[in-house]
Amino acid sequence: MTKAEHRGSAWGKLILFGEHAVVYGHPAMAAAVDLRTVVCLRSRPGPVSLAGGGEPDSALSEVLHRILPRGGATVEIRSQLPVGRGMGSSAALSVALVRAAAAREGEALDAHEVYARSLALEAVFHGNPSGVDNTVAAGGGAVLFSRSRSVEPQRVALTPLPLVILDSGSSGNTRALVEGVRARRPAIDPLLARMGTLAEQAAKRADRPSDWGPLLDENHRLLIQIGVSTERLDALVAFARRHGSPGAKLSGAGGGGVVMALAPPEGTGPLVQRARREGILASSVRVPAHGIPSHALPRGASGTGAPSG
Ligand code: PMV
């Protein structure tokens with residue numbers, strides 16, 4: 001009897017350094033976080049539908065049509081990731097869908113193929129993504145990523161990194177923000193180059209991420225200067241810094257989304273509690289050193305394990 005249910009899963013991510021700069025070929029550092037999206041495909045005759053009966057928006061509808069062109073399934077999507085907050089929810093969904101559909105077809109995909117197929121889906125959501133989100137969603141762990149075809153993603157061996165996430169409560173429009181940055185070039189090119197340098201410097205200090213404070217602060221200031229931060233994000237960065245975080249920045253495209261703050265020396269708990277008392281949506285996430293099993297990195301770099309659902 002054929003199996004009627006197939007699953008795929010993928011991790012969310014944070015861009016630690018270099019968002020936007022990565023679009024123009026500079027390096028960025030990103031890491032998987034211990035929050036994930038799981039897709040479950042249940043075979044059923046007829047067109048594709050969402051479990052629970054919701055209507056997919058036009059982008060999701062297009063993505064589902066591409067991944068399941070012959071229909072015949074109900075799609076259940078369960079995610080621990082906040083949607084549209086710069087934590088890689090769409091890349092995680094793309095990767096989880098690719099894995100679930102491959103499982104359904106009995107196909108064994110390597111990480112490169114998962115990456116390539118998921119990037120085509122991510123393009124439906126975001127236009128022309130750099131690929132950093134999908135590299136981490138498909139490969140897990142932490143990477144120094146460059147868009148250049150000749151530079152393979154380099155795995156970064158991070159010391160476990162506890163972070164506090166402060167959510168602005170609103171979403172940015174990645175496509176519009178990327179276009180806004182493009183329109184400000186070439187005047188802002190030196191700022192983008194500097195962000196790439198910060199990513200490289202941080203990678204060299206991956207054994208002591210608690211020392212990243214000044215690098216994160218500078219990266220946030222640069223993001224303000226290229227026009228992608230908001231008053232709310234700046235206030236959240238200032239809040240984290242006032243309450244003991246050694247450094248903080250927005251993460252992702254900006255315009256909303258989240259701020260990531262290094263945990264104060266006493267840990268994430270007090271900062272999260274304090275933020276919640278002030279009505280800020282706050283949580284802690286871990287960027288585990290080796291805690292998240294991962295596929296081999298796309299495009300040939302090395303890795304271990306697999307987060308298939
Ligand atoms: O907000 P997110 O998670 O979609 O991240 C976007 C990251 C950018 O560097 C702004 C765009 C990209 O394609 O890398």
Side-chain angles (χ1 to χ4, degrees), residues 13-32 85-88 90-91 115 119 122-123 126-137 139 142-156 158 161 163 172-206 209 212-230 233-234 237 247-262 287 297-299 301:
K13 69 89 193 42
L14 283 168
I15 299 183
L16 306 175
F17 293 93
E19 49 274 270
H20 288 287
V22 69
V23 174
Y24 304 99
H26 301 294
M29 198 202 296
R85 298 288 207 271
M87 292 190 70
S90 60
Y115 169 78
L119 196 63
E122 178 76 345
H126 285 319
N128 182 18
S130 66
V132 63
D133 288 17
N134 293 66
T135 298
V136 171
V143 292
L144 193 63
F145 173 91
S146 164
R147 193 168 199 176
S148 156
R149 280 182 199 281
S150 57
V151 182
E152 300 214 329
Q154 187 188 319
R155 186 170 289 284
V156 177
L158 267 190
L161 181 59
L163 294 168
N173 178 333
T174 298
R175 200 188 278 252
L177 287 150
V178 169
E179 280 316 309
V181 169
R182 191 180 300 284
R184 285 174 212 120
R185 296 184 66 214
I188 61 166
D189 283 356
L191 308 178
L192 298 170
R194 177 68 189 154
M195 290 184 205
T197 304
L198 292 176
E200 280 169 339
Q201 286 176 355
K204 286 192 189 124
R205 289 193 231 165
W212 283 355
L215 302 180
L216 289 168
D217 287 345
E218 184 178 348
N219 198 151
H220 186 72
R221 284 196 298 275
L222 291 164
L223 288 162
I224 295 175
Q225 289 171 44
I226 67 166
V228 299
S229 191
T230 63
L233 290 168
D234 297 346
V237 166
K249 65 180 267 294
L250 73 83
S251 182
V258 297
V259 157
M260 49 162 273
L262 283 182
V287 173
L297 282 175
R299 289 195 269 156

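Between Gln154 and Val143, every side-chain heavy-atom pair lies at or beyond the 4.5 Å cut-off. Using a 4.5 Å cut-off on side-chain heavy atoms (C-beta onward), Leu16 and Leu158 make contact.
The main-chain N or O of Val132 is never found under 3.5 Å from a side-chain atom of Arg147 such that the two would form a donor-acceptor pair. Trp212 contributes no side-chain N or O that, together with a main-chain N or O of Gly247, makes up a donor-acceptor pair within less than 3.5 Å. Not a single donor-acceptor pair under 3.5 Å links the side chain of Asn128 to the backbone N or O of Ala123. No donor-acceptor pair closer than 3.5 Å links the side chain of Thr230 to the backbone N or O of Gly255. In this structure, Lys13 contributes its side chain and Gly86 its backbone to a donor-acceptor pair below 3.5 Å.
When every heavy atom of Glu200 is checked against every heavy atom of Pro27, the shortest pair comes out as OE2-CG, 3.5 Å. Here the closest non-hydrogen pair linking Leu119 and Pro129 is CD1-CG, 3.9 Å. Scanning all heavy atoms of the two residues, the minimum distance from Ala28 to Ala199 falls at CA-CB, 4.0 Å. Closest approach of Ser229 to His220, counting heavy atoms only: OG-CE1, 3.4 Å. Residues Ala32 and Val136 share a closest heavy-atom pair of N-CG1, 3.2 Å. Across all non-hydrogen atoms, the minimal contact from Lys249 to Ile15 is NZ-O, 3.0 Å.
Taking CZ from Arg221 and CG from Leu191, the interatomic distance works out to 12.0 Å, rounded to the nearest 0.5 Å. With values rounded to the nearest 0.5 angstrom, Ile226 atom CD1 is found 3.5 Å from Met195 atom CE. To the nearest 0.5 Å, atom NE2 of residue His26 and atom CD of residue Glu19 are 13.5 Å apart. To the nearest 0.5 Å, the span separating CZ on Phe17 from OG on Ser251 amounts to 10.5 Å.
Sorted by first and then second residue, the side-chain hydrogen bond (donor to acceptor under 3.5 Å, both in side chains) pairs with a member in residues 189-199 read Arg185-Asp189, Arg194-Glu218; sequence neighbours excluded.
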With a 3.5 Å cut-off and sequence neighbours excluded, list the donor-acceptor pairs that the side chains of residues 173-183 form with protein atoms.
{"residue": "Asn173", "atom": "OD1", "partner": "Arg175", "partner atom": "N", "Å": "3.1"}
{"residue": "Asn173", "atom": "OD1", "partner": "Ala176", "partner atom": "N", "Å": "3.1"}

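Under the side-chain hydrogen bond (donor to acceptor under 3.5 Å, both in side chains) criterion, His20 pairs with no residue at all, not counting sequence neighbours.
For the pairing with Met260, the side chain to side chain contact (heavy atoms under 4.5 Å, CB included) check across Leu250, Leu216, Leu161 returns one residue only, Leu216.
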Report the C-alpha separation of His126 and Asp133 in whole Å, then their side-chain angles, then the decisive distance to 0.1 Å, and conclude whether the side-chain contact (heavy atoms from CB on, under 4.5 Å) test is met.
CA-CA 11 Å; His126 285 319; Asp133 288 17; 5.6 Å; no
